[in-house]
Amino acid sequence: LILINVNTLFMTSMTEPGIIPRLNDEMYEKHLSSNLRDYLQTNGTKLNYCYTCKIIKPNRTKHCKYCDNCVQGFDHHCPWLGTCIGTRNYLMFFIFILSLFISDL
């Protein structure tokens, strides 16, 4: 059971959580045209835009202040693992917590 705990710990911490890649300055100009910039400033519709990563974020994407990245399906930043818990590593994190709970019984 201890091996399962350690295995799921490493699997969770090594799995990429769903980080959305940033745009460099050249891609930023192509991606965010002046029309879209005006739309973001004047229209009442809310688009999720991250000014740090310079991207329009998909739904359920949040910027993690510890990792300094936008993470898709962001749940939280786990200090035990030193990584964010997102779409791609949520299942392994759940199995890790479940294995800890079972080993504690």
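Residue numbers start at 1 and run along the sequence shown.
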From Thr8 atom OG1 to Leu100 atom CG, the distance as rounded to the nearest 0.5 Å: 6.5 Å
Which residue pairs pass the salt bridge (charged side-chain N to carboxylate O under 4.0 Å, His left out) test when at least one of the two sits in residues 89-105, sequence neighbours left out? none
Could you pull out all residues at least two apart from Met14 that satisfy side chain to side chain contact (heavy atoms under 4.5 Å, CB included)? none
Listed partners of Arg88 passing side-chain hydrogen bond (donor to acceptor under 3.5 Å, both in side chains), at least two apart: Glu16
What distance separates Ile2 CD1 from Asn7 CG, expressed to the nearest 0.5 Å? 13.5 Å
Among all residues two or more places apart in sequence or in another chain, which pass the side chain to side chain contact (heavy atoms under 4.5 Å, CB included) test with Lys62? Phe74
Please tabulate, for side-chain N and O atoms in residues 78-85, each donor-acceptor pair with protein atoms closer than 3.5 Å (sequence neighbours left out).
none

If you measure from CD1 on Ile4 to CG on Leu9, what distance do you get to the nearest 0.5 Å? 13.5 Å
Report the distance from atom CD of Gln72 to atom CG of Asn59, rounding to the nearest 0.5 Å. 9.5 Å
side-chain hydrogen bond (donor to acceptor under 3.5 Å, both in side chains) involving Ser103 - partner list, sequence neighbours excluded: Asn5
For Cys64 and Cys67, work out which heavy atoms get closest and say how close. SG-N, 3.4 Å
Qualifying residues under ring-ring contact (aromatic ring centres under 6.0 Å, His included), relative to His77, sequence neighbours excluded: Tyr66
In short, salt bridge (charged side-chain N to carboxylate O under 4.0 Å, His left out) pairs touching residues 76-87 with sequence neighbours left out are none
Measure the shortest side-chain to side-chain distance between Cys70 and Ile55 over non-hydrogen atoms and say whether it is less than 4.5 angstrom. yes
Where do Thr87 and Gly73 come nearest, in terms of heavy atoms and distance? OG1-CA, 3.2 Å
Please enumerate all residues that pass ring-ring contact (aromatic ring centres under 6.0 Å, His included) together with Phe96, with sequence neighbours excluded. none
Any pair with a residue in residues 65-81 that passes salt bridge (charged side-chain N to carboxylate O under 4.0 Å, His left out), sequence neighbours left out, goes on the list, sorted by first then second residue, please. Arg22-Asp68
Any salt bridge (charged side-chain N to carboxylate O under 4.0 Å, His left out) pairs touching residues 5-15, not counting sequence neighbours? none
How would you list, by chain and number, every residue that makes a side chain to side chain contact (heavy atoms under 4.5 Å, CB included) with Leu91, sequence neighbours excluded? Ile95
Which heavy atom of Val71 sits nearest to which heavy atom of Pro17, and what is that distance? CG1-O, 3.9 Å
